[in-house]
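This report refers to the structure that appears directly beneath it.
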Amino acid sequence: MQQAAPILADALTKSYGKSRGVVDLSFEVRPGEVFGYLGPNGAGKSTTIRTMLDFIRPTSGRILVFGMDPRAAGATVRTRVGYVPGELGLYERLTALEYLKDFAAFRGGVPSERIDGYAERLKLDLDVRIHELSHGNKRKVALIQGFMHQPDLLILDEPTQGLDPLGQQEFYAMIHEARARGSTVFLSSHVMPEVERVCDRVAILREGRLVTVDDIGDLKAKALRTIEFHFTDPVPADAFTALPSVVTATAQGDRVLLTVRGELDEVVKEAATHTVVDVTTHEPSLEAIFLDLYADGATT
């Protein structure tokens with residue numbers, strides 16, 4: 001029997017009266033992948049997550065978690081999910097340990113050494129009351145809460161807000177470990193280097209609508225990149241401007257600078273008709289791709 005997708009959105013729409021939430025979202029998160037969900041604040045990322053957990057209900061369309069409707073099977077869904085919200089709401093009078101033990105009990109029990117291990121890695125003092133913790137340390141409590149029962153699906157909404165660099169490194173290691181166990185990770189973020197580092201695929205959201213869903217590698221292959229050729233003799237830019245993948249070409253003496261999109265085969269073949277001294281390429285970052293897609297205003 002085929003395993004149900006951890007998350008499946010089908011024409012999901014949520015509106016707030018005259019305000020926009022999300023519009024006609026359709027995407028699937030595959031088992032065992034780390035899926036990045038990108039967009040600036042207000043793009044609809046948290047709205048999508050809240051429909052997954054039945055905190056709010058869709059206006060139309062649907063979203064399924066492990067093939068189940070969160071509205072009809074919310075308790076079952078939540079037993080398989082670890083959730084770290086973007087806005088924390090912790091029980092401030094408890095110590096971190098008391099808080100985590102209470103949540104562990106809700107989950108049917110979590111080995112105390114696992115909680116202690118996460119706390120040691122994240123440099124969190126479990127004996128301090130939550131109201132005395134810094135924002136970054138409160139975030140560590142929330143991360144332990146989300147990870148400690150080793151759920152099948154981790155839903156993480158801006159999970160590294162306020163974390164120091166060492167805490168961020170441990171978080172990335174925790175993501176890799178969860179994936180190695182077979183867990184699926186849904187990571188909502190606007191921190192591009194973070195998503196580029198840990199995610200397999202990404203969905204980019206713009207004003208409540210999907211711009212694209214793609215592998216990070218494929219996105220980079222389609223994006224603009226720059227190539228600089230250094231030849232033994234001057235080569236005119238016109239030698240490259242007619243090629244389909246070349247967007248711009250400028251020549252200065254024996255150097256030609258190109259911006260290209262897509263396949264490079266014809267560019268390489270044309271360059272090979274001259275004597276090449278050196279070639280330098282600049283791969284696009286995910287942040288550059290994101291900004292380029294937003295500038296284009298394209299939607300899927």
Side chain proximity check, [X] to [Y], heavy atoms < 4.5 angstrom:
X: Thr184; Y: Phe66; value: no
X: Val277; Y: Phe231; value: no
X: Pro159; Y: Leu187; value: yes
X: Glu194; Y: Tyr172; value: yes
X: Leu133; Y: Leu90; value: no
X: Asp233; Y: His274; value: no
X: His230; Y: Asp254; value: yes

Supply the atom-to-atom distance [X] [atom1] to [Y] [atom2], rounded to the nearest 0.5 angstrom.
X: Asp164; Y: Leu122; atom1: CG; atom2: CG; answer: 9.0 Å
X: Phe147; Y: His149; atom1: CZ; atom2: NE2; answer: 10.5 Å
X: Thr160; Y: Leu143; atom1: OG1; atom2: CG; answer: 8.5 Å
X: Phe35; Y: Ile7; atom1: CZ; atom2: CD1; answer: 8.0 Å
X: Leu94; Y: His131; atom1: CG; atom2: NE2; answer: 10.0 Å
X: Thr51; Y: Leu12; atom1: OG1; atom2: CG; answer: 4.5 Å

Count I, L, V, M, F, W, Y as connected when their side-chain heavy atoms are under 4.5 Å apart, and connections chain through other members. Are [X] and [Y] then in the same cluster?
X: Leu97; Y: Val141; result: yes
X: Met148; Y: Leu124; result: yes
X: Leu257; Y: Val247; result: no
X: Leu64; Y: Ile49; result: no
X: Leu88; Y: Phe171; result: yes

Shortest non-hydrogen contact between [X] and [Y], atoms and distance:
X: Ile144; Y: Ile115; value: CG2-CG2, 4.4 Å
X: Val81; Y: Pro151; value: C-CB, 3.7 Å
X: Ser189; Y: Val195; value: CB-CG2, 3.8 Å
X: Lys123; Y: Lys140; value: O-NZ, 3.8 Å
X: Tyr16; Y: Gly21; value: CE1-CA, 3.7 Å
X: Leu163; Y: Gly136; value: CD2-O, 3.7 Å

Going by an N to O cut-off under 4.0 Å, is there a salt bridge joining Arg179 and Asp200?
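Here Arg179 pairs with Asp200 in a salt bridge, since their nearest N and O are under 4.0 Å apart.
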Electrostatic pair Asp278:Arg255 at N-O distance under 4.0 angstrom
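Between Arg255 and Asp278 there is no salt bridge, as every charged N stays at least 4.0 Å from the carboxylate O atoms.
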With a 3.5 Å distance limit and no angle check, can you tell me whether [X] reaches the backbone of [Y] through a side-chain donor-acceptor pair?
X: Thr212; Y: Ile204; value: no
X: Arg78; Y: Leu53; value: yes
X: Arg139; Y: Gly86; value: yes

Arg62 atom CZ, over 12 foreign heavy atoms within 6.0 Å
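Open.
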Is it the case that more than 12 heavy atoms not belonging to Arg181 sit under 6.0 Å from its CZ atom?
yes
Against Ser26, only a single residue in Asp10, Ile63, Leu8 fulfils side chain to side chain contact (heavy atoms under 4.5 Å, CB included); can you say which?
Asp10
Take the angle between the ring planes of Tyr37 and Phe27 and call it parallel below 30°, perpendicular above 60°, tilted in between.
tilted
Phe103 vs Tyr99 aromatic rings, parallel, tilted or perpendicular, using cut-offs 30° and 60°?
tilted
Using the rule given for side-chain contact (heavy atoms from CB on, under 4.5 Å), can you reason through Glu87 versus Gln161, listing the C-alpha separation, both sets of side-chain angles and the distance that settles it, and then say yes or no?
CA-CA 10 Å; Glu87 297 182 8; Gln161 291 183 73; over 6 Å; no
Side chains of Thr59 and Thr13: donor-acceptor distance under 3.5 Å anywhere?
no
Distance alone, cut at 3.5 Å: any donor-acceptor contact between the side chains of Tyr91 and Glu98?
no
I would like to know whether Lys45 and Glu158 meet salt bridge (charged side-chain N to carboxylate O under 4.0 Å, His left out); could you show each step before the answer?
CA-CA 10 Å; Lys45 303 188 302 297; Glu158 304 289 354; 3.7 Å; yes
Those residues that, when tested against Glu177, pass side chain to side chain donor-acceptor pair (under 3.5 Å) (two or more places apart)
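Glu177 satisfies side chain to side chain donor-acceptor pair (under 3.5 Å) with Arg121 only.
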Could you walk me through whether Leu153 and Val77 pass side-chain contact (heavy atoms from CB on, under 4.5 Å), step by step?
CA-CA 10 Å; Leu153 172 62; Val77 166; over 6 Å; no
What do the steps show when you test Leu156 against Ile175 for side-chain contact (heavy atoms from CB on, under 4.5 Å), and what is the final call?
CA-CA 10 Å; Leu156 310 176; Ile175 289 283; 3.5 Å; yes
Could you give me the CA-CA distance, side-chain angles and deciding distance for Arg114 and Gln150, then say whether side-chain contact (heavy atoms from CB on, under 4.5 Å) is met?
CA-CA 10 Å; Arg114 190 182 299 160; Gln150 298 184 342; 3.7 Å; yes
